[in-house]
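Scroll down for the structure; my scribbles are underneath it.
Order of listing sets the numbers, starting from 1, for every ligand and every atom in it. The analysis underlying the following values was restricted to heavy atoms, covering all of them including side chains, and did not include hydrogens, waters or symmetry mates. Nothing fancy with the numbering, it's 1 onward along the sequence. Keep in mind it's a predicted model, so treat the numbers as computed, not measured.
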Amino acid sequence: MTTTTQTDFFTVARERHSVKSYDPTHKLSEQEVRDLVAVANLAPSAWNLQHWQFVAIHDQAAKEKLLPIAYGQKQIVESSVVFAVLGDLEANRNAETVYGGAIAAGAMSEEIKQTLVGQINSAYAHVPTLARDEAIRNASLAAMQLMLAARASGLDSCPIGGYDAAKFVEAFQVPDRYIPIMLITVGKALNPARPSSRLPVEDKIVWNGF
Ligand SMILES: Cc1cc2nc3c(=O)[nH]c(=O)nc-3n(C[C@H](O)[C@H](O)[C@H](O)COP(=O)(O)O)c2cc1C
């Protein structure tokens with residue numbers, strides 16, 4: 001990573017801002033990209049199904065291809081890497097592998113595995129909104145963790161919803177299994193982010209129900 005300084009979580013959370021202007025000469029190695037995804041991959045997920053997939057758009061040519069799809073936002077080509085965060089509509093298919101690992105580690109019995117796999121496959125088969133809801137909910141947690149990992153590594157980021165998801169799917173040949181959640185640019189800020197404010201905390205808490 002760019003810096004080895006350890007920063008506490010509260011500083012990381014306070015200092016993460018959506019940066020829109022990056023140093024175009026700053027590069028991230030594939031290993032540095034992998035390190036960010038490895039931290040994002042530690043996010044929690046329902047049934048531990050890990051409903052996320054990251055497309056690392058790292059080559060300049062791939063960023064140029066993405067630029068018009070993201071309505072010409074310059075941060076796409078100036079950042080060091082753009083992640084397309086995808087949600088997995090068939091994350092139930094991960095259950096065997098995930099729980100197989102838990103069994104091998106002695107953390108789960110075969111009986112519990114079978115019960116869980118049965119519950120998961122039944123939910124995916126019978127609740128029509130579940131696959132999409134879970135894909136969006138869980139992949140978004142990993143997306144946030146990626147942005148915090150970037151800041152903790154001395155990097156900056158910006159989540160992007162302003163892009164044509166259908167065109168992205170076509171241009172980057174995204175299989176039907178996945179849905180686009182957001183893009184995230186990551187790099188070294190050239191200019192600081194525009195200041196942003198938050199509504200008062202008391203406006204965001206309702207105690208013990210509405
Ligand atoms: C889902 C989502 C979509 C966003 N889309 C864009 C975008 O398309 N372009 C952009 O420049 N910023 C985008 N942003 C960044 C927001 O403008 C930014 O998070 C917000 O203004 C608060 O600023 P802060 O992140 O610096 O605290 C998006 C943020 C989120 C969470």
Side-chain angles (χ1 to χ4, degrees), residues 2-3 7-24 26 28 36-37 39-46 51-58 60 62-89 129 132-172 174 178-205:
T2 314
T3 172
T7 312
D8 74 273
F9 170 77
F10 298 99
T11 304
V12 168
R14 262 195 309 272
E15 293 188 350
R16 183 219 53 82
H17 303 293
S18 291
V19 162
K20 328 249 168 166
S21 169
Y22 292 97
D23 174 358
H26 182 266
L28 284 175
L36 291 173
V37 174
V39 179
N41 203 33
L42 297 174
S45 58
H51 316 58
W52 46 77
Q53 187 75 35
F54 293 94
V55 183
I57 299 161
H58 189 239
Q60 208 54 30
K63 290 185 216 158
E64 294 285 350
K65 185 164 87 166
L66 181 58
L67 182 63
I69 294 170
Y71 308 122
Q73 298 188 62
K74 268 176 45 205
Q75 52 172 305
I76 297 288
V77 283
E78 292 176 351
S79 59
S80 310
V81 63
V82 186
F83 293 98
V85 184
L86 308 178
D88 187 354
L89 295 169
T129 54
R132 184 180 160 81
D133 288 350
E134 293 299 331
I136 296 169
R137 186 175 8 247
N138 292 284
S140 296
L141 293 175
M144 184 72 246
Q145 192 133 310
L146 182 85
M147 290 186 274
L148 294 174
R151 182 81 291 269
S153 309
L155 298 166
D156 301 287
S157 68
C158 183
I160 294 183
Y163 69 108
D164 187 324
K167 284 198 179 135
F168 175 79
V169 164
E170 195 188 336
F172 288 84
V174 177
Y178 302 105
I179 49 168
I181 306 294
M182 71 183 79
L183 305 175
I184 299 176
T185 52
V186 174
K188 266 278 176 206
L190 195 60
N191 298 305
R194 227 176 291 129
S196 67
S197 62
R198 293 297 185 269
L199 298 169
V201 170
E202 279 306 323
D203 289 1
K204 293 292 172 191
I205 309 178

Those residues at least two apart in sequence (or on a different chain) that pass salt bridge (Lys or Arg N to Asp or Glu O under 4.0 Å) with Asp164 are Lys167

Contacts of Ser80 meeting side-chain hydrogen bond (donor to acceptor under 3.5 Å, both in side chains) (sequence neighbours excluded), chain-then-number -> His26

Check whether [X] reaches the backbone of [Y] with its side chain - one donor and one acceptor, N or O, closer than 3.5 Å.
X      : Y      : answer
Asp156 : Ala189 : yes
Gln73  : Gly162 : yes
His51  : Asp133 : no

Chain-and-number sorted residues having a heavy-atom contact under 4.0 Å with ligand 1 are Arg16, His17, Ser18, Lys20, Gln73, Gln75, Cys158, Pro159, Ile160, Gly161, Gly162, Ser196, Arg198

Side chains of residues 198-205: which donor-acceptor partners sit under 3.5 Å, not counting sequence neighbours?
from, atom 1, to, atom 2, distance (Å)
Arg198, NH1, Ser196, OG, 3.1

